[in-house]
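Inspection log for the structure reproduced underneath, given as structure tokens.
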Amino acid sequence: MPAEADQAYDPVAVEASWRARWDREGTNSFTLEELRTAERPFYNLMMFPYPSAEGLHVGNIYAFTGADVFGRFKRMQGHDVFEPIGFDAFGIHSENFALKTGVHPTELIPANVANFRRQLRRIGGMFDWEHTVDTTDPDYYRWTQWLFLQLFRHGLAEQKEAPVNWCPSCMTVLANEQVIVGACERCGTGVEQRFIRQWFFRITEYADRLLRNLKHIDWSDTTLKAQYNWIGRSEGAELHFPLAGTDREPGQGDTGDEPGAGATRITVFTTRPDTVFGATYVVLAPEHPLVDAVTSDECREVVGAYRERTRAKDLVARKKVEKRKTGVFTGGYCINPASGDRIPVWIADYVLMGYGTGAIMAVPGHDERDFDFADTYRLPIPRVIAAPGEGADTPLSIAYEYPTGTLVNSGRYDGLSVEEGKKAIVADLAARGLAEAKVVFRLHDWCISRQRYWGPPIPIIHCGECGPVPVPEDDLPVVLPHVEDFRPDETGVSPLSRVREWYEVACPSCGGDATRETDVSDTFLDSAWYFLRYPSTDFPDRPFDPGITRRWLPVDCYIGGNEHAVLHLLYSRFIVMALHDMGLLDFEEPYDQFRAHGLIIREGAKMSKSKGNVIIPDPIIERYGADTFRVYLMFLGPFVEGGDYQDQGISGPHGFLHRLWESVVAIEDEAEARDDIDPAVEQKLHQTIQRVTEQVGTLRYNTAIAAMMEYLNAARAGGRTPARAEIEPLVCLVAPFAPHIAEELWRRLGHEHSIFEGANWPSFDPARAAVRVARVAVQVNGRVRGTVSAPVGADREAVVALAKSEPNVARHLEGMEVRRIIHVPDRLLNFVAAQAAAVGGTSG
RNA sequence: GCCGAGGUGGCGGAACCGGUAGACGCGAAGGUCUCAAAAACCUUUGCCCUUGCGGGCGUGAGGGUUCGAGUCCCUCCCUCGGCACCA
């Protein structure tokens, strides 16, 4: 019946017609009723993209295809798979683009989103277009602002002073990525640090729980490790070093270590209190509040200059490792609480105010950075830990940092192990009020303030009388006002504060004159809860519906890039944990399973716009079709590791789909099943179903595709036409990878419904997959000398007999004495043999 | 510097739990079909020696354990990704 033209595989036509049918029939979308009643809900999430002007990047397509394959696979196994997509459209890139091209983000973003939607449809993702999210939509960010208010109410949002990168020429705050070797990326002016008041979420309160929960979530190993290291729990102690005056005036000791004039001691944090006898000086961060108090008059000028220089460094430079450490002596001294020695106080920019107490005790003998510093400034480097085989006087040529050994030069603690020393010293100092055991985390609080335009305004009103007052929830959203030119001006105030009718408001609490917060929030806040919104987009009056949320969350499978291994994933875990504690969610981890995918490179090189080697998907899809493109992307390497896109390689998958098409077309008109199923092909089919099922389930897509290719090759070997029962299951196996062609072939095989409606994933019969004859490798002294075929499970004697009758094996055993026989059933037989002893003499 | 991942044919990559290294695909060579081209199909393809049978070598380098190592252990080299001098 089909016309001649209908017989040839035309991917573009097939794909267009099936996309239309999916839309028409709502194949991939849920109604509210369906969301409420789905019996086997499976929430398949992927990281939503930033809709750039360049269009969908292959990296995005790679990630989405891999996630979509998994979703379709689950669906064919009978799950109700919800697979939403959205747009993470706020942020710095739109602002930059706008400043460069003059296109306002409010025009740019809708155009980009429209283009992304077109491209996303084209790649054949199973997206539910009835449930999408756009973070710049006031109907979305209204709830982002609501979320801020919940955190504020529960004491998890607070204002603190914090440093930012400031470009004095652009008069604006820069992100770390906008600072290029200490200069502004736009104008090249040197960047400096400024301290400004900003909003923080107190994620550190959750540090311990965020760390503990890592033990029971099913995530990629690398991602778990990254989170573990990022949170960075370290056990140690705070030690107090009483001030001891300057060179001129001796100090007097009392208590209290509050920063400022009255303070009389420096508190440091250390993980190695056992090395305290080796602390020969103390270093303060240049910003430390005690610097003024300890600095002597002689040193004041030098110290002031050094602090100036530090301030002039940008945040990126501060954190970079420099070989040569710098610092200056303050002229002040303090007392080592363990040894009682009077030791100098320095300041140096390798000590950061943001970590621990902003002060360290320097133990040059046992810390590499302190060693370098002491070496540079000729400070003493005593040894206080001896490794096995070393003594108290063994010279140190480098810092000995290993946490094992014995204490030396440490008074009455000599001879204790590192562990014992830690305990004893902290206990004794604590008894004298000079120490407390403490756990610190390297995780900082989450700064969500952005001094920018393109983001959701933070819903706070500042009132002279009442302080910061939350915007009443009924007044949400606080709509971002349209500012045509949001460039900063000489006034140095935020662009939002120039919109007076927006900026000036009555205080919701007292009614007096007040002003709105002009910072917008971090885009990481937008993405910290978007997965809660997707299934509830049908509800305009609540962020997430409790019933729907209970049915669909937590997310069953989340696939995304490891570039978000830390921040995004950690922040969303924190938000969910906080909402859980507020009683708004009944789970505390958002993602049951997370898998990080790899990166895709091209012809061995990283893709970048500047190199001009970026893959542009549209022409490839036009030429080969989305199905071929998808199969190729999944074939070129293990999904979790990424792979190398080689332009010519796509012809392999293309040919495969062609052959599959031809095999179906060759039999589609046949009335009923032919009877010529080849037993060998049948066996291979069952093996293939087994392999593909296992491998797709564990994201080993490349080998799953290889197995399918191998099977099709076998079914068509010698020009044979596969029978219907041989080819139909393959159509199903291919479907998650190449959904359009699978639908078309499924229809041609006589099925009315979509291949994705109903549990069409084929099952295999282990009995039919079982191998009956094994090929056993025969070795003589570990070298393969032949192969024999033996029935599966054949015993040692039988295999030995077969092996010995193999001529080449027999030849190698001639004149040898077999000492041992290793038999690995169904795999291998190894004769361990030596030259028979009897033969004397030599031979050439 | 630290953390993480990884080094296998001309190329991308396979290889269960230590058991025939190189599946699958690209590329290359030869062939079939065709007026021709494309597509498709068939054969060969790790390197070296050999007409053939067969043999030797071979998974970044060097050692080790083992009947047997791409896989386990030690030392070293290189590549990629991430980063925060975190005390």
Side-chain angles (χ1 to χ4, degrees), chain A residues 8-9 221-223 225-226 228-230 232 234 236 268-272 275 283 315-316 318-323 325 348-352 354-363 366-370 372-373 401 440-444 562-563 565-566 596 598-599 601 603-604 606 632 635-638 640-656 658-659 662 700 702-711 713 716-719 775-787 807-808 811 819-833:
Chain A
Y9 176 37
D221 221 39
T222 51
T223 315
K225 274 182 192 151
Y228 187 88
N229 291 336
W230 189 266
S234 42
V268 306
F269 175 78
T270 178
T271 54
R272 294 296 303 275
T275 62
V283 187
L315 295 173
V316 182
R318 251 329 264 291
K319 289 168 181 172
K320 252 223 189 110
V321 188
E322 267 156 43
K323 207 148 193 166
K325 314 255 177 275
D349 66 3
Y350 78 95
V351 174
L352 304 174
Y355 188 79
T357 60
I360 62 160
M361 64 175 201
V363 184
H366 304 281
D367 182 285
E368 201 188 321
R369 292 155 304 168
D370 298 340
D372 290 347
F373 191 83
E401 294 190 303
V440 304
F441 295 91
R442 54 182 286 277
L443 178 67
H444 311 317
N562 234 353
E563 69 272 17
V566 179
L599 293 177
I601 59 172
E603 313 277 355
K606 209 164 85 176
Y632 181 47
F635 180 64
L636 51 74
V640 297
E641 282 164 40
D644 188 358
Y645 186 100
Q646 303 191 328
D647 293 0
Q648 290 169 321
I650 197 167
S651 59
H654 190 236
F656 168 66
H658 249 280
R659 288 189 285 278
E662 272 159 23
R700 287 176 296 162
N702 57 331
T703 52
I705 293 166
M708 291 189 269
M709 288 173 166
E710 211 177 306
Y711 171 68
N713 291 346
R716 289 165 55 94
R775 282 165 53 77
V776 179
V778 182
Q779 301 181 333
V780 176
N781 287 332
R783 286 167 182 274
V784 179
R785 299 301 181 188
T787 321
N808 198 44
R811 199 163 66 80
R819 303 216 164 135
R820 213 174 135 190
I821 298 175
I822 311 280
H823 181 224
V824 181
D826 301 334
R827 301 213 62 128
L828 170 137
L829 188 74
N830 186 13
F831 292 100
V832 184

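Computed from a predicted model, the values in this text were never measured in an experiment. In what follows, every chain begins at residue 1, and chains take the letters A, B, ... in the order their sequences are listed.
- If you check every strand for non-hydrogen atoms under 4.0 Å, A:Ile360 touches a base.
- Contact of A:Arg811 with B:rC53 (side chain to base): no donor-acceptor pair of N or O atoms is detected under 3.5 Å.
- Counting non-hydrogen atoms under 4.0 angstrom, A:Gln779 reaches a base of the nucleic acid.
- Contacts of A:Asp221 with the nucleic acid, taken as non-hydrogen atoms under 4.0 Å apart, are absent.
- Atoms CD1 (A:Ile705) and P (B:rG13) sit 14 Å apart, rounded to a whole Å.
- Applying the 4.0 Å criterion to OP1 and OP2 of B:rG82, one finds that A:Lys225 has every side-chain N and O outside that range.
- Its glycosidic angle being within 90° of 0, B:rG9 falls on the syn side.
- The base of B:rA87 is paired with the side chain of A:Arg369 by a donor and an acceptor separated by under 3.5 Å.
- Residue A:Ile822 has its side chain nearest to B:rC67 when only B:rC67, B:rG4, B:rC24 are considered.
- In terms of phosphate contacts, A:Arg659 brings a side-chain nitrogen or oxygen within less than 4.0 Å of OP1 or OP2 of B:rC41.
- Between A:Tyr632 and A:Tyr645, the ring planes are perpendicular. Angles over 60° get that label, and only those under 30° would be called parallel.
- Across the protein-nucleic acid pair, A:Arg785 atom CZ and B:rG68 atom C1' stand 14 Å apart, rounded to whole Å.
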